[in-house]
Visitor: 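I have a structure here, written as structure tokens, and I will follow up with some questions on it.
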Amino acid sequence: EPEVTQTPSHQVTQMGQEVILRCVPISNHLYFYWYRQILGQKVEFLVSFYNNEISEKSEIFDDQFSVERPDGSNFTLKIRSTKLEDSAMYFCASSEVGTGAGSPLHFGNGTRLTVT
Amino acid sequence: LAKTTQPISMDSYEGQEVNITCSHNNIATNDYITWYQQFPSQGPRFIIQGYKTKVTNEVASLFIPADRKSSTLSLPRVSLSDTAVYYCLVKRGQGRRALTFGSGTRLQVQP
């Protein structure tokens with residue numbers, strides 16, 4: 001079964017540094033998402049992306065964050081000037097079409113970001 | 001989107017049937033009910049989705065009464081590997097609104 005793959009599985013960075021989290025969505029999927037989960041808390045929506053532009057974003061997704069689909073396979077989340085509170089598990093997801101009926105999200109296994 | 005309410009946690013034993021009920025009193029006509037499962041340190045995984053009545057797949061059954069104000073996820077004969085967090089979500093049948101996860105139900109299966 002096709003999978004969403006995320007790299008790296010664990011990223012450690014110092015406060016103030018920039019990180020790029022990478023994702024390869026399932027190949028025929030058209031919608032891409034980033035979620036995050038702070039340890040012990042809910043899975044929080046960050047952003048959705050379709051047709052090379054942001055479709056929806058949450059209040060968490062401020063100017064510190066950006067997303068890009070640099071080629072036909074990768075989908076990246078860039079976090080600038082990281083803060084301690086950015087430490088979380090970041091999940092990439094994709095869906096074949098929009099989240100209307102019949103199009104579940106397929107999640108990767110996440111990148112654990114630790115900001116020190 | 002309709003707010004969902006589900007138990008914070010449940011305990012069960014191997015071999016038992018587990019039913020997790022979710023209430024969504026303000027569900028709209030175009031909304032679907034969808035359930036995800038999450039193991040520790042993994043991303044959520046889609047289990048089942050339905051609009052009304054009963055849906056069954058190889059993993060679970062989903063029961064939705066006529067008024068659609070609640071739904072019940074049924075896991076037959078659970079095993080230790082079913083220990084996970086289960087999320088009930090309501091999603092719009094059209095459009096691109098992202099899924100919003102609540103706190104879920106933490107199911108602990110004991111031997």
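Here the structure is a predicted model, which means the values were calculated and not measured. Heavy atoms only: backbone and side chains are in, while hydrogens, waters and symmetry mates are out.
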Visitor: Kindly work out whether a path of hydrophobic side-chain contacts (I/L/V/M/F/W/Y, heavy atoms less than 4.5 Å apart) joins B:Val109 to B:Leu73.
Guide: yes
Visitor: Going only through I, L, V, M, F, W and Y residues with side-chain contacts under 4.5 Å, is there a path from A:Ile79 to A:Ile20?
Guide: no
Visitor: I'd like to know if A:Leu105 and A:Phe49 are part of one continuous hydrophobic network [Ile/Leu/Val/Met/Phe/Trp/Tyr, side-chain heavy atoms within less than 4.5 Å].
Guide: no
Visitor: More than 12 non-hydrogen atoms from neighbouring residues, nucleotides or ligands closer than 6.0 Å to CG on A:Leu84, yes or no?
Guide: yes
Visitor: Does A:Arg69, at its CZ atom, have more than 12 non-hydrogen atoms belonging to other residues, nucleotides or ligands within less than 6.0 Å?
Guide: yes
Visitor: Please state whether the side chain, the backbone, both or neither of B:Thr34 comes within less than 4.5 Å of a heavy atom of chain A.
Guide: neither
Visitor: For the CD atom on B:Gln110, are there more than 12 heavy atoms of other groups (residues, nucleotides or ligands in this structure) within a distance under 6.0 Å?
Guide: yes
Visitor: B:Tyr87 versus chain A, heavy atoms under 4.5 Å apart: side chain, backbone, both or neither?
Guide: side chain
Visitor: B:Gly43 and A:Asn109: which non-hydrogen atoms are nearest, and at how many Å?
Guide: N-OD1, 3.8 Å
Visitor: Which bit of A:Gln6 is near chain B, if near means a heavy-atom gap under 4.5 Å: side chain, backbone, both or neither?
Guide: neither
Visitor: Can you name the closest pair of heavy atoms from B:Ala98 and A:Glu56 and give their distance?
Guide: N-OE1, 2.8 Å
Visitor: Between CD of A:Gln37 and CD of B:Gln42, what distance do you get to the nearest 0.5 Å?
Guide: 11.5 Å
Visitor: Please classify the contact of B:Phe39 with chain A as side chain, backbone, both or neither, using a heavy-atom distance under 4.5 Å.
Guide: neither
Visitor: Side chain to side chain contact (heavy atoms under 4.5 Å, CB included), that's the test. Do A:Tyr33 and B:Leu99 meet it? Break it down for me.
Guide: CA-CA 10 Å; A:Tyr33 311 82; B:Leu99 291 181; over 6 Å; no
